[in-house]
There are 2 protein chains.
Amino acid sequence: MLVADRLSPTSYVVLGTIALRGPSTSYDLKRAVGRSIGYFWHFPHAQLYSEPQRLVELGLLDAETEAQGRRRRTFRLTDAGLDELRAWLAEPTPEHFQMRDIAELKLFFNEVGEPGDVARLAREQVAAHRERIAVYEDMQARYADLDAVAKRMITLRLGLEMEHAALRFWSALLDEVG
Amino acid sequence: MLVADRLSPTSYVVLGTIALRGPSTSYDLKRAVGRSIGYFWHFPHAQLYSEPQRLVELGLLDAETEAQGRRRRTFRLTDAGLDELRAWLAEPTPEHFQMRDIAELKLFFNEVGEPGDVARLAREQVAAHRERIAVYEDMQARYADLDAVAKRMITLRLGLEMEHAALRFWSALLDEVG
DNA sequence: CGCATACGATCCGTTTCGGACGGTATGGCA
DNA sequence: TGCCATACCGTCCGAAACGGATCGTATGCG
């Protein structure tokens with residue numbers, strides 16, 4: 001069995017984050033993911049504890065446990081791990097993105113609800129997307145000139161495009177239904 | 001324990017789809033979801049067989065089994081089920097939408113890859129989003145004047161906004177690195 | 001009549017999920 | 001110095017989600 005067959009997107013998040021930050025504990029990963037990828041890829045933290053262990057067993061990471069104190073486990077990329085990550089970056093991406101938007105679901109079923117529901121929903125969504133846009137713009141402003149992270153920050157532009165698209169849609173809908 | 005606490009978005013997809021189409025078998029649900037919600041909310045078909053049964057136990061659906069032949073089970077909404085659905089439609093939606101976009105993940109980690117990777121990725125994504133836009137536009141054209149489904153088709157507009165946003169982003173990126 | 005194909009349903013092992021919990025270090029204050 | 005509050009850090013576990021494999025049933029066609 002190919003190693004790559006045993007890997008999920010989660011695996012690559014772990015490999016990639018360690019590649020970017022250097023040797024990391026699970027807690028480091030948790031915080032790093034929370035501040036970055038977490039915004040566009042939902043992630044239960046428990047995975048950041050189990051997944052690295054799996055990757056060690058597959059030979060893509062190795063681990064070192066602190067001698068005393070908390071006995072934190074620090075994971076670092078092996079050569080095989082880096083190769084695997086690079087291969088993944090180079091290969092085609094057949095899956096289309098997936099969305100999970102409760103609001104869109106509610107909108108789809110709006111016929112069943114009360115007349116006012118759609119307007120309330122739209123108002124809420126407008127507010128939520130505005131808020132998120134503010135967060136992204138703030139991040140962009142704070143990191144814009146840090147060369148070290150500039151290349152990662154490009155995903156923020158995609159996030160902003162998406163948020164603006166959603167905002168446009170819900171605003172227009174709100175105009176229509178009042 | 002409140003009934004609503006035992007419900008997931010999946011539950012509302014089932015309740016909502018039955019509300020829109022009337023009494024349905026699991027297979028009906030599977031096809032209906034595949035043609036509509038499936039485009040913006042990923043769904044393993046097995047759930048459409050287990051979830052209705054759960055909802056029967058919660059009193060939100062009731063079921064009738066064909067006497068002979070395939071003994072299909074047809075599910076219909078109970079009053080409690082309709083109330084539950086309506087309550088959900090009326091209540092606030094605190095969660096922000098979630099995306100899962102492998103391409104965005106790869107872009108975030110692009111520093112680790114080869115220089116050409118980003119351009120290849122962008123080219124792929126441009127093609128994929130163009131294709132999806134064509135599908136949506138086709139659906140829109142075909143159903144535009146069917147009053148029966150017009151209200152649901154509004155979610156298509158949101159889907160199109162999202163796809164165009166993604167397309168804009170990847171096209172611009174391609175211009176920059178391509 | 002027999003076979004190919006689409007229809008319809010279920011099973012089951014694996015992975016994900018997320019919330020709850022429990023232990024550990026640190027700094028401040030009494 | 002000892003205690004407490006708080007942040008830090010890690011794990012567990014039941015419940016869903018997942019998806020692929022499988023299996024019976026009807027239908028149409030040669």
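Here is how names work: the chains are called A, B, and so on, in the same order as the sequence lines, proteins then strands, and each is numbered from 1.
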Side chain of Tyr49(A) (C-beta onward), nearest among dC9(D), dC12(D), dA9(C): dC9(D)
Upstream residue (5' side of DNA chain D) when Ala46(A) and Pro44(B) are each assigned their closest nucleotide: Ala46(A)
Short side-chain N/O contact to dT16(C) OP1/OP2 from His42(A), under 4.0 Å: no
Glu131(A), CD: over 12 other non-hydrogen atoms inside 6.0 angstrom: no
Between P of dC18(D) and CD of Glu95(A), the distance in whole Å: 15 Å
Value in whole Å for how far the P atom of dG8(C) lies from CD of Gln53(B): 19 Å
Electrostatic pair Asp83(A):Arg86(A) at N-O distance under 4.0 angstrom: no
Residue closer to the 5' end of DNA chain C, Thr25(B) versus Gln98(B) (nearest nucleotide): Thr25(B)
Nearest-Å distance for atom pair CG/C1', residues Leu29(A) and dC8(D): 15 Å
Any Arg73(B) side-chain nitrogen or oxygen under 4.0 Å from OP1 or OP2 of dA9(C): no
Pair Phe97(B) + His129(A): ring centers closer than 6.0 Å: yes
Nucleotide nearest Tyr27(B) when distance is taken to its side chain, options dC7(C), dC17(C), dG19(C): dC7(C)
5' precedence on DNA chain C between Ser26(B) and Arg100(B) (nearest-nucleotide basis): Ser26(B)
For atom CZ of Arg31(B) and atom P of dC7(C), their distance in whole Å: 8 Å
Side-chain N,O (Gln47(A)) to OP1/OP2 (dC17(C)) below 4.0 Å: yes
Integer-rounded Å distance: dC8(D) P and Asp28(A) CG: 12 Å
Integer-rounded Å distance: dC17(C) C1' and Leu48(A) CG: 13 Å
Sugar-phosphate, base or nothing in reach of Ser8(B), heavy atoms under 4.0 Å: sugar-phosphate
Leu156(A) and its side-chain contact (heavy atoms from CB on, under 4.5 Å) partner, picked from Glu137(A), Gln140(A), Glu161(A): Gln140(A)
Shortest non-hydrogen contact from Thr93(A) toward Lys106(B): OG1-NZ, 2.9 Å
Touch class at under 4.0 angstrom, heavy-atom based, for Thr10(B) against every strand present: sugar-phosphate
His45(A) side chain near dC17(C) phosphate (N/O to OP1/OP2, under 4.0 Å): no
Distance in angstrom units between Leu58(B) CG and dA15(D) C1', rounded: 14 Å
Integer-rounded Å distance: dA17(D) C1' and Leu7(B) CG: 16 Å
